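Here is the structure we will look at.
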Amino acid sequence: MESDQPTDILGEIGGFVARIHALDPHAPARTELTVRVDGRESSLMLSEPVAQALRLALQDYHDPRDQGRCDHCGGPRLDENFQCRDCGSFNGVFGQMLAERAYGYTEPEPLPDLPGRHSRHEP
């Protein structure tokens, strides 16, 4: 399986740290982050603004493949059609509509108007 990670993840992390640190260059570095990738290692000193930016970046990241959790089993693997890859259920209104269309669902005939208060016709 091929990886979509950047070829130089250490350089990407270092560049992120440098960009954020440049905004507040006098903030003291208090946290050390060591990252090892494929036998290469990089140790970076992080100021509080850089550490906070890294925490927020990690918390706010949303993988475009993440369609949410299954309403039925709670699994995290919904496909692009909102079908759960774990239990096979369709999720939400859109998923239900797709399931109905896929299985040949047809809308029922409308009910006839009945005389009374809710009738569309005047007596």
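All values below come from the heavy atoms of this structure, side chains included, with hydrogens, waters and symmetry mates left out. Just so we're clear, the structure is a prediction, and the values are computed from it rather than from any experiment.
- Atom-to-atom distance recorded for Leu10:CG and Leu44:CG is 8.5 Å, nearest 0.5 angstrom.
- Considering only heavy atoms from C-beta on, Cys84 comes within 4.5 Å of Asn91 through its side chain.
- Residue pairs meeting the ring pair (Phe, Tyr, Trp, His ring centres under 6.0 Å) criterion with at least one partner in residues 26-63, sequence neighbours excluded, are absent.
- Applying the side-chain hydrogen bond (donor to acceptor under 3.5 Å, both in side chains) criterion to Glu80, with sequence neighbours excluded, gives no partner residue.
- Between Gln96 and Phe90, the closest heavy-atom pair is N-CB, 4.3 Å.
- Of all heavy-atom pairs between Ile20 and Ala53, the closest is CG2-CB, 3.8 Å.
- Under the side chain to side chain contact (heavy atoms under 4.5 Å, CB included) criterion, Leu23 pairs with no residue, sequence neighbours left out.
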Criterion side chain to side chain contact (heavy atoms under 4.5 Å, CB included) on Arg40 and Ile9, from CA distance to verdict:
CA-CA 10 Å; Arg40 292 177 35 221; Ile9 191 74; over 6 Å; no
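- For Glu32, the salt bridge (Lys or Arg N to Asp or Glu O under 4.0 Å) criterion is met by no residue, not counting sequence neighbours.
- For the side chain to side chain contact (heavy atoms under 4.5 Å, CB included) test, residues two or more places apart in sequence or in another chain that qualify with Thr31 are Leu46.
- By the ring pair (Phe, Tyr, Trp, His ring centres under 6.0 Å) test, Phe82 pairs with Phe94, sequence neighbours left out.
- Of all non-hydrogen atoms in Met45 and Val17, the two that sit nearest each other are O-CG1, 4.3 Å.
- Looking at residues two or more places apart in sequence or on another chain, you find no salt bridge (Lys or Arg N to Asp or Glu O under 4.0 Å) involving Arg69.
- The shortest non-hydrogen separation linking His21 to Val50 is N-CG2, 3.6 Å.
- Remark: side-chain polar atoms of Gln83 are paired, donor with acceptor, to backbone N or O of Gly88 under 3.5 angstrom.
- The minimum heavy-atom distance linking Gly92 with Asp71 is given by the pair N-OD2, 3.3 Å.
- Looking at residues two or more places apart in sequence or on another chain, you find a side chain to side chain contact (heavy atoms under 4.5 Å, CB included) between Arg19 and Phe16.
- Ala27 pairs by the side chain to side chain contact (heavy atoms under 4.5 Å, CB included) definition with Asp24, Ser47, Pro49, not counting sequence neighbours.
- Among residues two or more places apart in sequence or in another chain, the side-chain hydrogen bond (donor to acceptor under 3.5 Å, both in side chains) test is passed with Arg85 by none.
- Contacts of Asp79 classified as salt bridge (Lys or Arg N to Asp or Glu O under 4.0 Å), with partners at least two apart in sequence or in another chain: none.
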Mind running side chain to side chain contact (heavy atoms under 4.5 Å, CB included) on Leu33 and Leu54 for me, showing each step along the way?
CA-CA 11 Å; Leu33 173 68; Leu54 185 56; 3.9 Å; yes
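- Residue pairs meeting the salt bridge (Lys or Arg N to Asp or Glu O under 4.0 Å) criterion with at least one member in residues 51-61, sequence neighbours excluded, are Glu48-Arg55.
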